[in-house]
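Below is one structure, written out as structure tokens, with a few remarks after it.
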Amino acid sequence: MKNIIRSVKGTRDFYPDEMARRSWLVEKLKEASESFGYQRYEGPCLETIDLYAAKSGEELVKEQAFVFPDRGGDPITLRPELTPTLARMVAEKQKQLVFPLRWWSFGPFWRYERPQKGRTREFYQWNIDLIGSDSVQADAELVALAANFFNLVGLKSDMVQILINDRRLMDRKLTYIDVQTEVKPELLKLIDRIDKQPADVWEKNVAALGLKANQIQAVKELLADARLWEESEELSLFFKYVEALGVSEYVRYDPKIIRGLDYYTGIVFEAHEARGDFRAILGGGHYSNLVEDVGGQPLPGVGFAMGDVVVMLVLEAYGLLPAELSYPKTVFMTVFSDDLLVESIGLARELREQGFDVILAEPDKLSKQFKLADRLGVKFALVLGPDELENDLVGVKDLRTFEQESISRSELKSIFNKQK
RNA sequence: GUGCCUGUAGCUCAAUGGCAGAGUGCUUCACUGUGGCUGAAGAUGUUGAGGGUUCGACCCCCUUCAGGCACCCCA
């Protein structure tokens, strides 16, 4: 490689093809979000460190946020997540807003982590929240919205599963087996991680928290109980609503789902690719006091976040990314010769005035112009040579079917519209 | 932040410490009104970067950068 100045570690360049994919993804998010009446919003990418001081998992802020002094010397944070920003925005207008709020967002975030597959330092995230409701119905709505999004992009329920648990249920069960209150947070973190550690290592870690052998056994039995949810009134209701919402196939109970962020208080969920080859696609849950920490009145809600990286990897693995995105509706206007350049310019202009997208070539051998059109990925190429001009026609070639016909200028519009 | 693996042509990858290659793509021509196929010719490298060992390094050693895997954390 030559001495090209390198991009910042963990960032990505979006060349037109990749940008088209991202735009496509945003279209789908928007469609899923709006179908449930959610409105788009956005906050700043720069925040004060104070905003995060009281919230999030401490590690997310202390270890992973990009923090640097601005020119005045005040610490500035590149947002590592959106929830604190959302909390502030809601708190500032708490008296004016109409609750429950249904809001979604898509924008960039930064975390100073070691990059690997599915994880970059700069990434985009779909955030969606329903704020001001404490109902199980709200929880079910968000999960159904996620499932509808998967369905919309072609990820069927045999490819993606949304795993559900409830922290209140787990808390009750741990109390029942005499786990000390102060040990619970650490134990829950270990439960969240059980699939990542070898069984003996995991048991050793749990024992280190002070659990006796019979308690460890009880925890293991809990985590193996796929019907544990039946003991939860909330989860029973939840699954009933999920069925009414028509997304049961996507949803499954899993007692190992806990979630890392501290502010979840009720139902929590995570979406995973079925074969387990990827990190979590999205994660979220119910919180009871979103706004309190930033100075507002307590407000409950439910929401989730989905990074762009993993979902795109999953979509690619299943061949679900739209194939031809480069120039789906652009027309390529060839130039027959230097003499006829002005004629081609004129026709291109005419078509643009009618609302079509037109790339105008430069005079060259027609073979080169067609090859260029082919490589660009346009569908139609137009030819305006002496024969066509004499009869007031235009040669229209469909580059995919290799069929070409000469038609009058006035018919051009209908041809393009018909073929899209 | 810890441990391990990888880095060679635009792309996918070869090359016992002994002349850096193949496939594909690219350029030109056969083809003076047309991109599919065919044939002919051609171009392409600081072997990620820097240092060391050696008569000689893509290969061995050190440093560094980037990517990947596990941990950590999480989207």
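Both backbone and side-chain heavy atoms feed into the values below; hydrogens, waters and symmetry mates do not. Numbers restart at 1 for each chain; the letters A, B, ... are given by sequence-line order, proteins then strands.
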For this session: Taking only the side-chain nitrogens and oxygens of Arg375(A), find out if one of them lies under 4.0 Å from OP1 or OP2 of U27(B).
Result: yes
For this session: Using the side chain to side chain contact (heavy atoms under 4.5 Å, CB included) rule, pick out the option among Ile257(A), Ile267(A), Thr265(A), Ile258(A) that qualifies with Arg167(A).
Result: Ile258(A)
Taking atom [atom1] in both [N] and [M], compute the distance separating them and give it to the nearest angstrom.
{"N": "C55(B)", "M": "G48(B)", "atom1": "C1'", "result": "28 Å"}
{"N": "U64(B)", "M": "U27(B)", "atom1": "C1'", "result": "37 Å"}
{"N": "G25(B)", "M": "U34(B)", "atom1": "P", "result": "22 Å"}
{"N": "A15(B)", "M": "C74(B)", "atom1": "C1'", "result": "42 Å"}
{"N": "C5(B)", "M": "C60(B)", "atom1": "P", "result": "12 Å"}
{"N": "U12(B)", "M": "G68(B)", "atom1": "P", "result": "14 Å"}
{"N": "A20(B)", "M": "A14(B)", "atom1": "C1'", "result": "10 Å"}
{"N": "U6(B)", "M": "A75(B)", "atom1": "P", "result": "32 Å"}

At 4.0 Å (heavy atoms only), tell me whether [X] reaches a base, stays on the sugar-phosphate, or touches nothing.
{"X": "Arg259(A)", "answer": "sugar-phosphate"}
{"X": "Asp387(A)", "answer": "base"}
{"X": "Phe109(A)", "answer": "nothing"}
{"X": "Gly284(A)", "answer": "nothing"}
{"X": "Lys196(A)", "answer": "base"}

Can [X] and [Y] be counted as an ion pair, charged N to O under 4.0 angstrom?
{"X": "Arg168(A)", "Y": "Asp166(A)", "result": "yes"}
{"X": "Asp192(A)", "Y": "Arg259(A)", "result": "no"}
{"X": "Glu273(A)", "Y": "Arg275(A)", "result": "yes"}
{"X": "Arg22(A)", "Y": "Asp308(A)", "result": "no"}

For this session: Decide whether Glu81(A) and Tyr52(A) meet the rule of one side-chain donor and one side-chain acceptor closer than 3.5 Å.
Result: no
Rounded to the Å, how far apart are [X] [atom1] and [N] [atom2]?
{"X": "Glu390(A)", "N": "G33(B)", "atom1": "CD", "atom2": "C1'", "answer": "15 Å"}
{"X": "Arg111(A)", "N": "C72(B)", "atom1": "CZ", "atom2": "C1'", "answer": "14 Å"}
{"X": "Asp364(A)", "N": "G33(B)", "atom1": "CG", "atom2": "P", "answer": "13 Å"}
{"X": "Ile258(A)", "N": "C74(B)", "atom1": "CD1", "atom2": "P", "answer": "13 Å"}
{"X": "Arg79(A)", "N": "C74(B)", "atom1": "CZ", "atom2": "P", "answer": "19 Å"}
{"X": "His272(A)", "N": "C74(B)", "atom1": "NE2", "atom2": "C1'", "answer": "11 Å"}
{"X": "Arg193(A)", "N": "A70(B)", "atom1": "CZ", "atom2": "P", "answer": "16 Å"}
{"X": "Tyr112(A)", "N": "C72(B)", "atom1": "OH", "atom2": "C1'", "answer": "15 Å"}

Seminar exercise, completed: Of C69(B), C73(B), A75(B), the nucleotide closest to the side chain of Val309(A) is A75(B)
Exercise. Where the side chain of Arg114(A) is defined as all heavy atoms beyond and including C-beta, which of G1(B), C26(B), A66(B) is the nearest nucleotide?
Worked result: G1(B)
Exercise. Are Phe149(A) and Trp126(A) near enough that their ring centres are under 6.0 Å apart?
Worked result: yes
Problem set entry | Distance flag, aromatic centroids of Trp104(A) and Tyr38(A), threshold under 6.0 Å | no
Problem set entry | Base of A75(B) paired with side chain of Arg119(A) (donor-acceptor, under 3.5 Å) | no
Problem set entry | A75(B) base / Glu270(A) side chain donor-acceptor hit below 3.5 Å | no
Problem set entry | Aromatic stack Phe123(A)/A75(B): centroid gap under 5.5 Å, interplanar angle under 30° | yes
Exercise. How does protein contact run along nucleotides 34-44 of chain B, one letter per nucleotide 5' to 3', with B for base contact, S for sugar-phosphate only, - for none, heavy atoms under 4.0 Å?
Worked result: BBB--------
Problem set entry | Residues within residues 300-307 of chain A bordering RNA chain B, heavy-atom distance below 4.0 Å | Ala305(A), Gly307(A)
Problem set entry | Plane angle bin for Tyr287(A) and Tyr264(A) - parallel if under 30°, tilted between 30 and 60°, otherwise perpendicular | tilted
Problem set entry | G21(B) - base-pair partner by Watson-Crick or wobble geometry, distances under 3.5 Å | C13(B)
Seminar exercise, completed: Applying the 3.5 Å cut-off to both distances, the Watson-Crick or G-U partner of A66(B) turns out to be U6(B)
Exercise. Has Glu234(A) got more than 12 heavy atoms of other residues, nucleotides or ligands less than 6.0 Å from its CD?
Worked result: yes
Exercise. Is NZ or CZ of Arg21(A) both nearer than 6.0 Å to the six-membered ring centre of Tyr124(A) and within 45° of the ring axis?
Worked result: no
Seminar exercise, completed: Taking for Tyr124(A) and for Ser7(A) the nucleotide of RNA chain B with the nearest heavy atom, the one nearer the 5' end belongs to Ser7(A)
Exercise. If you pin Gln125(A) and Lys365(A) to their nearest nucleotides in RNA chain B, which one's is more 5'?
Worked result: Lys365(A)
Exercise. Rounded to the nearest 0.5 Å, how far apart are OH of Tyr253(A) and CG of Asn165(A)?
Worked result: 4.0 Å
